Structure formats: structure tokens, C-alpha cells
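The sequence lines fix the lettering, A, B, ..., with proteins before strands; numbering per chain opens at 1. Values in this document were obtained by computation on a predicted structure and should not be read as measured data.
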There are 2 protein chains.
Amino acid sequence: MNERAKPRNRPDNAKADELVFVALGGLGEIGMNTYLYGFGPKRSRSWLMVDLGITFPSESEPGADVVLPDLRYIVSERKNLAGLVLTHAHEDHIGAVLDLWPSLGCPIFATPFTAGMLKIKAIEAGRSALPIREIPIGGRFEAGAFDVEMVSLTHSIPEPNGLAIRTPAGLVFHTGDWKFDATPVVGKPHDVEKLKALGEEGVLAIIGDSTNAMREGRSASEEDVARSLAKIIADAPRCVAVTLFASNVARVVSIAEATQRAGRTLVVAGRALHRIIEVAIETGYLPRSFAHVDQQRFQDFSRNKVVVLSTGSQGEPRAAVARIADESHPDISLDKGDLVIFSSRTIPGNEKAVSRVQNKLARLGVDLITDADALVHVTGHPRRDELKDMYAWLRPRIAVPMHGEARHLREHAKLAREAGAAKTFTMIDGEVLKLWPDPATVVDEAPVGRFYRDGNLIVPEVEGPVKARRKLSFVGIAVVSLSLSRRGEILAEPGVVLEGIPAQDCDGDSMHERVLDAIDGTFRSIPQKRRGDIAMIQEAVQKTVRATINEAWGKKPVVKVLVSVLETRS
Amino acid sequence: MNERAKPRNRPDNAKADELVFVALGGLGEIGMNTYLYGFGPKRSRSWLMVDLGITFPSESEPGADVVLPDLRYIVSERKNLAGLVLTHAHEDHIGAVLDLWPSLGCPIFATPFTAGMLKIKAIEAGRSALPIREIPIGGRFEAGAFDVEMVSLTHSIPEPNGLAIRTPAGLVFHTGDWKFDATPVVGKPHDVEKLKALGEEGVLAIIGDSTNAMREGRSASEEDVARSLAKIIADAPRCVAVTLFASNVARVVSIAEATQRAGRTLVVAGRALHRIIEVAIETGYLPRSFAHVDQQRFQDFSRNKVVVLSTGSQGEPRAAVARIADESHPDISLDKGDLVIFSSRTIPGNEKAVSRVQNKLARLGVDLITDADALVHVTGHPRRDELKDMYAWLRPRIAVPMHGEARHLREHAKLAREAGAAKTFTMIDGEVLKLWPDPATVVDEAPVGRFYRDGNLIVPEVEGPVKARRKLSFVGIAVVSLSLSRRGEILAEPGVVLEGIPAQDCDGDSMHERVLDAIDGTFRSIPQKRRGDIAMIQEAVQKTVRATINEAWGKKPVVKVLVSVLETRS
């Protein structure tokens, strides 16, 4: 590993211009998409950051709200960071901006919808305004050594942009998240002519979305989903609730239209949906006919005259649909014969949470439709035939799969080679890839890692509180307090806290008593003349407490010993 | 709830015979299958327990190894418990026997393979022998008021038995886990004639498996999987490893045969596989030609001359395939061009763990085949057409879906009604269903709940250490020790342990210092004359520490204050 971390450049190259690419997040697992392009000689490169996303903590990261990328590689070069371009407004692409932008201080480039989402989030969080430069759809701007053109693609949110990044070394196409959808319900279809023109211009490299690289065929269109939802809503005899990813404005529009056509009223439940509707109205993505009422008005309508639009498709326990399932929602209740549509897919890791909500709804007698039952959701990422089209149109020399787990990156690379890419790189976060000049190769390794938003604070992964809590979650903690004289006499009964440790052993004897007995025994075993060595006593008590609990329980807790040494006048 | 918990029987029924069914686990979520049948008057019923399983803890149950059912309902009646019948040897049906049988003390009835599995587990755990009465395949025995006949079905383990439970009230068919497989590779096909004969005899109720009640059609046969695996193994250019549920003896046989036909040697890696092979040999389920070598011999063969059979299909981090993926397995290593087959499905909740292992293998350049790519696994549970056959043959008056989440139970009940069942009951654990005499209805509620195996100990869910650790995993813990005189003077600097709490606030100031300052401030705010109230001081310090940390962090940790009151001579 150390070997690898060393630069492989020879010293005489240090002053030559290079074009490099590095991911600080986004390769190896979905989320935390944070990419960097650098141009110039090694010691004075101009940098462009693309996206700055979060991911959600795994079960081994308890109590953390979100996971943020470690930016130290670029923070140390922030004076050369020309800007941060945001491809689209999904949390795994913009979610870390509020927390981490202060350490960068660079301009932020985004199209209107993405800019609007970021602004509303800053306002809600009480942050001061960010220096966002709004780029029109299809617009082009310069940042440092980079000439960046926004290329309209399609995805599950308005304004997904591929980036045509022109540099003195050639053109790199950074896809962002994309699919090809000729009928995306809102926004423009993907810009085929522009993509073909880029191919004509010549593309050095594609850095591209790998999410569905293992799935054959083409993704269905958002309009297909709209039709399917409209039919289900039209046929429903009673109340219908639809839960979805809030940011899917096209889906919101489809459901609103189906609601109107069915002579029903749209009831919106959940803050994230209200936020997106506000931004979508401001940026012109909702039709003039769009109408909705707030959740408080649910009871004003007959059950068969409403469609509820609800957050919580991932089983989030405090979101609207989970509270409806728990029968704890203040305004909305569902029962036998009502219908809930999960117009979403379950993100890996959320399966149990989603199934908990669905089972609670089933117990209420509510009918369920998920994407396993009907076309009520469609992916926002390209399947293999779409990838093949992209490669056919752009004809890049180099392909770097991003946005996927290792399996997806590997399949994407294979497909890219079959599609004619001369070189492909299946990389991991932190590898610095020299795209130009030839030969393209990994030349360096950037430090990467995870930070957590933990309560109000940003804390490190390494030696941080999240890891400590993970340990506590397995083995609990014992804290002992000792009041000792300078000569190591015990001046009061030791205090013991056992937290997360069984209260009794297998014979039903008190664990607390066992620990006190063990401390007592340890003290008696220490000869009088050695009692003055407080550190030794502390360590001996720690060991004995750990061993005693381990003997009874089979697990070694965290053990801390607090010693107060008191002056005595005897 | 209290209302519901009261018996609904009128007092004059208390002496009449009844047949009741209750699940102490197995309804509402997969796992922990533990069912009871009772016959007789309410106060002196004869009881029969069917299965005694575990389930695996969720992410909200940290550090627990397994989850066990709360048996207090039947323990209080153990003198009337005639026996425990085990339908088959899966952990979710027998996994709690070793830990919980001592509280029951009843005879255990099982067919030879199930008995063999239980015995080997008892030996490995150093437990004394259990009173197992081995019942031959298709055998019949009496236990209390119950006449039980073992009916051969098919599943993903040898000897899955449906139970024809004859009582004075009629015949109940308890399916256990089942499917219809005419070519199950090992063991007999399901006993169609017997099922039809039971239908002729007359069936009061089916208590039946709901796992696949939402899936149309019929499950494929184990022989289809065998053929598919044989082809993949025959065509593989280099090393092949297959990971599977260890207990799937038929799959082991299929893979062993494919290995031999391909002129390769079978290498077995993982203790669970060695255990199952031992029992399968003893009970005659492995063909005479079965041959394998231990994992230590992997290096003795060319890579293209072995097939590795490996544990770990659920992503278990210490199982063989995870260690191979980590490159930390002592004997076996895989690399570019080797093939790993996941001959399994991923149990909900294990998706991330499985995908972690698969991604590590992909990074090694290993090719992967899962059940999404080829027919390398088949379910052991009945799909809808199999359920329909079962209902057509047995024609029960009552259907009680079991072994499934609420959604599955609901779909199964719907299917049973369509198939002619006069009454169906979608129940939850603990509901006591009177099956006879008419009208069948829920008459009582048994206490149910969860216990955990936590280290060496069995601990309760309620007010137990697992829940305490879950809390620690979110908020951490602060422990303060105070040495005070009787008059409430501080005699030494307070001791502070902060565990799982950020070390610094947002300004980079030490949390430890902030806590000490807050304690100091609290002391100074308490008037001299009130200092003698030690409990008040303890509470004031606890509150101030919690508030101080919450102010800096936005989370309220567990706070404990240990006070030592010392005699002073001043």
C-alpha cells in the first residue's frame, strides 16, 4: 500500500502539463460523488471539482446522520480550485455542499433547478448565501483551465447535466447521472445532436455512470410510468397514496395530472415534497394547472376523492408514509381497501425498513403496489443499450466507469472496451489517473476517507465517536471510580457503572456485585508497598474488571477506571 | 390492548374441550418459528409444540448473536407439554432448542436427519444429550392428546415434514416449510398420495407456509439447478467456488457430481459444511461416490482441477467466501478469471453484506454468477400454483397462513379463500386461535417477545443490555465521578469519561474541558447550606453535563454520576 501511495511520475515530468482525474468518493460504492479534474504541472495544477455528495451511513456507523467525503487532498490546494460544478440536485451529488463548502470557498456553478434546491436548503439550515453562479441550460463557462459546457441529459430529477469539459489536453465528457429518455414528462429530452457533435469534435475520455451496467436493454420512459400510474389511480375505488423520491418532479407532475383526470384532489404530505414543489414552481417545472392541498386538509375530502403524495419510500421511520403505517400521522389515516403505491425502488440497505412499513400497511388491510407488481417506477440510469449508444456517439479513447460498486464498474469497463474504448480504468477512490499525455495511467494516490455529520458536529471516521459507539453497541462499557489516598488505600466503596452489560450472570448473580468483589480481590492482592503506584492500580483494576465480566458474559466491555487521589491528614 | 388480552370465552365454556393454535414466533416476520397446539378445556390443556427456532437480530439489536422466542406462556404449563416436534433442521425451526429446551424438559420428536443435526450441535456446544425420539420417515406417534404423522414434503434440506396432527376435534395439517419437487436430488419427492388421502379423511385446518404466496407459478426443481450448475462448472476455464446455504444437502450432492463429471476435486471450506456432510453421510443422504478433500489441500491441485464448496452465501464476514474475498483465507485464494457462484438467495437484511463480498471478489478480477444471472438457486417454498394444489388436495375448512411477513400472510389468506377455505385467519404472534368447536375465532392472547443470546448469556429484550447498547450507539455515554465530603465540598477534581461523544465542539474546544467547567459552575451555583443534599448534587451534575454536551453536540448522551462521600477530619 505504501508503495502505491508514492508518486510514480519521474521527477523530470514534474513541470510538464498533465490532465488528471481523481474521485474522492463515488467509486466502489454508490454515493458521496465527489470528483476532481486537474490540469497543469504537478505542483501547480488548476482544479475543477464536480459534485460534492453525501452517502448514508451503514449499520456499522451508528448514530451518524450522513457520511461526507474527506476533502483534505483538495483543501490543501484550495487556492487553485477554480470552482465546483454540480451536475444535478440529488443528495449524493450536492448533499455535502452546505457542510464542506466553507473549507473550499470556491465559486459554485449550477443550472437553475440545482441552484434553487441548494439555496432553499441553505435557507432552511440557516446558512449564509453561497456564491452560486447560475448557468443556463446548455450554457458554457470557464473555470481555471477548464471550459465547461452543460449538456442536457435525462434522469429522475430536472436538469441532469453531462459536462463537456474542454481542456488543452482534449475534451472529457463527465456524464453525471443519466439515461436516455425521449419523453421525460418534464424538461427536455437528452440532447442527441449535442452528443453526436461532441463525438465529431473528438472525445479523449468518458467518465461515466455505471449503475445499470449489468442490466440488459433500455430503461423505460418516465412517460410509461405516468400512463401506468394514471390507470391505477383511475381504477382505484378508495383512497390512494403514492410514495416516491421527493426530488422526482416528473413523477409529481404525472401523479398530479392523473389525480386531476380522476376528479380527485392532490394532498401533499412531507416536508421534502413541499420543498421540491416550491423549487419546481420557481423554476417553471410545474404546469400552470398544478394544484395541491396541504396534508391538514385530508379529512375535508371523501376518501375516494383524494390522492396523497407522500415522502418515505425508503422506509424512513419519521416520514409521512411510515407514520401513516404506524397510525401516528396527525392528519392522514388509511384503512382496509385503500391503496399505497411505492413509486420507487428500494435502495440497497433499506430493504428491511421498507418491508417494515409495507407490513404495517398490510396489517391495516391496505393494498400495496410496488415496482414488482406494476410499472410504477423506472430507473434514472442507463442500461446496457443506452451505454452502447453513448459510446457509439462519443467514441472516447478512454473510459473511466464511475458511480457504481466494483461489480458495476467492472461490467461497464468491459462494455466500454467492446464499444471501442482503447483504454478503460476500473479505479477506486483516491487513485489519481493521468488522462493525458499518453500513456494514461494511475500516477498517484490521494488521501480519501469518511467524515460524519454527528449531531451538530462534523467528526472524523478514524478515532472518532462513531467508531467508539459502534464498539459500545457490541460490548457495552464499565466505568469504575476509585477514591484513593496517596498511599493507595481505598477511601470509599468503588463506584461502578455498567451500561449495555447484562445485569446478571448465568446463575442469576448480580454482575455489579461480581465486579465489586473482583476489585476488592485485586486490591487485597497488591502488596502494601506497591500501593503508591496509582497507575499500576488503575491498570490492575481495569484488567480485573474486564476479565471478570468476560468470564461471566463471554465479551470484553470497554473498561475505564477513574481515580481520585485525595489528601488525607492521617 | 388490555381489552384484547382478556379471554373472550364465557365462563361456562371453561370446562369444554377446545383445540387451539398459537404462534410464539413465525407470524409477522420470518424466523423464530415456534408454534403450539393445545387440546382440552382451557385450564388443563394438553400441549404440543412444533418447532423452536431462532431469528437473526436486526440492525437495531446490536451485539446480539441470535433472537429467541419468549416461552413464558408454555413454560408455565410445562407439565402439560407432551412434546416438541421438529419439522426440519433449519435454524429458524430448531435453532433455539439448545438454549431453551432446559426450560421445557419435554421429549423431542424428529426424523433422523433433523435428529442428527441437533445431536451434532449439542455435542459441538458441549451440551448434554437431549431426549430425542427418532421418528422414521412417514412415521406416526402419539404425544398427549395428539396423534402426529410425519408427511414427507420437499424443501431445501433433507426430511422436511408436514405434520398431520389428529385430535379429537379433527385433523390439522401443519405444513412446515415445503414446496412440491418431483425431483429433489436427495430424499423422496413430496408424498402426493398421502396428501390426497388426508383430504379424503377430512382436514379441519391447514397451518401453512406463506413465504412465496406473492409469487405466481411453480418453483423450479432442485434437479434443474443441478443441471445448470453442472453446465457452468463443466465450462469454467479456471477455479470455481460455489457458496450456498450449508444445509442444502441436495445442492452439495449436485455440485459434487458436477465436480466429478468435470474431472475436478471438491474442496470443502467452512465448518457448517463439514458438519452437514458428516450428518448427511450418517443418515445416508450422500451417494457412495461422494468424495471431497479439506480446504488445506486446495494448493495441492491445479486451479482448473478443483471446485471449492464454501460457506458464506449471506455475506457473513468470517465465513470462508468472505475471507477469500478479503484475501485473508489461510488456504484458498482466488484471482482473475476464477469464478464464484452464489448458489443462494440473499435473505432480506443481508443485501449490503453480500454485496460487499461480491464487490471485493470483483476487485480481485473474479467473475460472479448469482441467481440473477443463471438458474443457480431455487426457492424451497411453494409458489401460488403449488399452494393451490395443496388446497385442492386437502380441502381444509380453515386456513391459517404462517411463516411470512404480514404481506405474505395476507396474500396467502386471499388465495386460501379463493381455493375454498371457509375461514382464514391472518394472525400475529401471541393470538390464541380456537380452531374448534365452531365458531373458530381468536379467544385469548399469549405473552410473546424476544430474548437474545448475548455472549454466553440469554438476556431479555425489555430493559435488557441490547437495548441499552442501542441507545449508546446513538448517543454515547458520559460518566462523572465526584469525591465529596459529607458537607458537599469537592475533595478532588471530578473524573470524567466521555465515550462515543465528539472530543471537540465546533470551535475545536475540548468537550472534556467544557464538561469540567460546567460541573464547576453547577457547584458554585449551589448555596453552601444545600450542599449536604448529595442526591440533589448528583442530579444537578447529571443535568448540567447532559445539557452542556447537548448544547455543543445536539445530542443528549447517557449520563451517569458516581459520588463517593468521604469522611473528612476537618
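Heavy atoms closer than 4.5 Å to chain B are found nowhere in Asn350(A), neither backbone nor side chain. For a residue to count as touching a neighbouring chain, one of its non-hydrogen atoms must lie under 4.5 Å from one of that chain's; by this rule Gln358(A) touches chain B with backbone and side chain alike. Proximity to chain A (any heavy atom under 4.5 Å) is restricted, for Val558(B), to the side chain, taken from C-beta onward. Interface remark: Val479(B) contributes backbone and side-chain atoms alike to the contact with chain A (heavy atom separation under 4.5 Å). Interface residue Ser58(A): backbone and side-chain heavy atoms are both found under 4.5 Å from chain B. At a 4.5 Å heavy-atom cutoff, Val563(B) makes no contact with chain A through either its backbone or its side chain. Proximity to chain A (any heavy atom under 4.5 Å) is shown, for Glu216(B), by neither the backbone nor the side chain. With a threshold of 4.5 angstrom between heavy atoms, Lys414(B) approaches chain A through side-chain atoms but not through N, CA, C or O. Heavy atoms of Leu491(B) lying under 4.5 Å from chain A belong to its backbone as well as its side chain. In this structure, chain B has a heavy atom under 4.5 Å from the backbone of Gln504(A), while its side chain stays farther away. Looking at Val366(A), only its backbone comes within 4.5 Å of chain B, counting heavy atoms on both sides. Of the two parts of Met427(A), neither the backbone nor the side chain holds a non-hydrogen atom closer than 4.5 Å to a non-hydrogen atom of chain B. Neither the backbone nor the side chain of Ala372(A) has a heavy atom closer than 4.5 Å to any heavy atom of chain B.
Considering only heavy-atom pairs separated by less than 4.5 Å from chain B, the leading option among Gly365(A), Cys506(A), Ala64(A) is Gly365(A). Most heavy-atom pairs under 4.5 Å with chain B, from the set Gly464(A), Ser473(A), Gly455(A): that is Ser473(A). With chain B as partner, the option from Pro460(A), Pro465(A), Ser481(A), Ala353(A) having the largest number of non-hydrogen pairs under 4.5 angstrom is Pro465(A). Of all the listed residues (Pro494(A), Ala503(A), Ala552(A)), the one sharing the greatest number of non-hydrogen pairs under 4.5 Å with chain B is Ala552(A). Between chain B and the residues Val466(A), Ile477(A), Val459(A), the most heavy-atom pairs under 4.5 angstrom are made by Ile477(A). With respect to chain B, the highest number of heavy-atom pairs below 4.5 Å among Gly349(A), Ser564(A), Gly554(A), Pro502(A) belongs to Pro502(A).
A side-chain N or O of Glu405(B) and one of Ser355(A) form a donor-acceptor pair less than 3.5 Å apart.
Residue Leu409(B) holds its CG atom at 8.0 Å from CG of Asn359(A), rounded to the nearest 0.5 Å. Note: Lys471(B) NZ to Leu472(A) CG = 13.5 Å, rounded to the nearest 0.5 Å. Met214(A) CE to Thr370(B) OG1: the interatomic distance, rounded to the nearest 0.5 Å, is 6.5 Å. To the nearest 0.5 angstrom, Arg407(A) atom CZ is 9.5 Å from Leu361(B) atom CG. One distance of note links NZ of Lys555(A) with CG of Asp454(B); it measures 4.0 Å at 0.5 Å rounding. In this structure, Asn456(A) CG and Asn550(B) CG are separated by 8.0 Å, a value rounded to the nearest 0.5 Å.
Side-chain contact check for Arg363(B) versus Ile428(A): some heavy-atom pair is nearer than 4.5 Å.
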Go through the steps for Met511(B) and Leu457(A) under the test side chain to side chain contact (heavy atoms under 4.5 Å, CB included), then give the verdict.
CA-CA 12 Å; Met511(B) 194 74 84; Leu457(A) 300 173; 4.3 Å; yes

Test Glu59(A) against Arg470(B) for salt bridge (charged side-chain N to carboxylate O under 4.0 Å, His left out), laying out the working first.
CA-CA 11 Å; Glu59(A) 68 277 22; Arg470(B) 175 168 155 79; over 6 Å; no

Stepwise, does the side chain to side chain contact (heavy atoms under 4.5 Å, CB included) test hold for Lys560(B) with Val496(A)?
CA-CA 10 Å; Lys560(B) 302 279 177 180; Val496(A) 175; over 6 Å; no

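One finds a salt bridge joining Arg410(B) and Asp367(A) here, because a Lys/Arg side-chain nitrogen approaches an Asp/Glu carboxylate oxygen to under 4.0 Å. Between Lys352(A) and Glu61(B) there is no salt bridge, since no side-chain N of the basic residue sits under 4.0 Å from a carboxylate O of the acidic one. Looking at Glu499(A) and Lys467(B), no side-chain N of the basic residue comes within less than 4.0 Å of a carboxylate O on the acidic one, giving no salt bridge.
Looking at Arg469(B), its side chain never comes within 3.5 Å of a backbone N or O of Gly476(A) through a donor-acceptor pair.
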